[in-house]
Amino acid sequence: MFRGGFRESQEHTATLQEIEGVLSIQSFEALLQWIYHRIIRFDETFEESCIEAAVELARLAEMYGITRIEAPITQYIKDIYAKSGHLNGKPCRHILPDDEVIALGTDLREGHPVRRVMAQAFVLTYLQIPKDDRDSDDLGTEEFPKYGADLLFEVRELLDTLTYRGSAVV
């Protein structure tokens, strides 16, 4: 864009339009921070906000075909879950089903590491919800059918990690 006969090359500027959930000042600054310093960090107080910002950064990177950032974003999200105790069996309140969180990451391509970690987190939490408190709509699979496939894949992966000793599952 800065070479050739484009307006940006003559004006030496580029204007980016915000795209809700993808391109914001925060996600663009985070992308620049990662490009120059290889650091992913958000100045957010709440875990939920950090996770949402990380997913937005993943969407931005995917839009521009930047794949080397996928693993660091995924690790960033996993670190938040580990810090909150979610990966050690403690339910994670911001992964409980609600219309916005359930969709988080579903617009990334199938198999995207961030999409997978969001499905993993939901499966771990969903399995810990007492059966009477579950609602069939909680899974979000009717609204996001491919997400249902993600959840089934992650359940299978989780079940493959279990070992059976007699009548107990470890």
Identify the two heavy atoms, one from [X] and one from [Y], that lie closest to each other, and give their separation to 0.1 Å.
X	Y	result
Ala54	Ile73	O-CG2, 3.5 Å
Ala61	Ile69	CB-CG2, 3.3 Å
Ile77	Met118	CG2-SD, 4.2 Å

When rounded to the nearest 0.5 angstrom, what is the spacing between [atom1] in [X] and [atom2] in [Y]?
X	Y	atom1	atom2	result
Ile80	Ser49	CD1	OG	9.5 Å
Arg59	Arg115	CZ	CZ	11.5 Å
Lys78	Gln120	NZ	CD	5.5 Å

Practice prompt. Starting from the C-alpha separation in whole Å, work towards a yes-or-no answer on side chain to side chain contact (heavy atoms under 4.5 Å, CB included) for Asp79 and Gln75.
Written response: CA-CA 6 Å; Asp79 290 347; Gln75 190 59 51; 2.8 Å; yes
Cluster link [X] to [Y], ILVMFWY, side chain under 4.5 Å:
X	Y	value
Tyr64	Leu57	yes
Leu108	Leu152	no
Phe153	Val114	no
Leu60	Tyr36	yes
Ile40	Leu32	yes

Discussion item. Evaluate Ile66 against Trp34 for side chain to side chain contact (heavy atoms under 4.5 Å, CB included), listing each step before the verdict.
Written reply: CA-CA 11 Å; Ile66 304 168; Trp34 182 80; 4.1 Å; yes
Worksheet entry | Main-chain N/O of Arg109 paired to Glu62 side chain as donor or acceptor, under 3.5 Å | yes
Discussion item. Please check: side-chain N/O of Arg116 versus main-chain N/O of His112, any donor-acceptor pairing under 3.5 Å?
Written reply: no
Item to complete: Identify, with sequence neighbours excluded, every residue that meets salt bridge (charged side-chain N to carboxylate O under 4.0 Å, His left out) alongside Asp160.
Response: none
Side-chain donor-acceptor contacts of residues 10-26 below 3.5 Å, not counting sequence neighbours, with atom names and distances?
residue: Ser24; atom: OG; partner: Gln26; partner atom: N; Å: 3.4
residue: Ser24; atom: OG; partner: Ser27; partner atom: N; Å: 3.1
residue: Ser24; atom: OG; partner: Ser27; partner atom: OG; Å: 3.4
residue: Ser24; atom: OG; partner: Glu56; partner atom: OE1; Å: 2.6
residue: Gln26; atom: NE2; partner: Glu44; partner atom: OE2; Å: 2.9

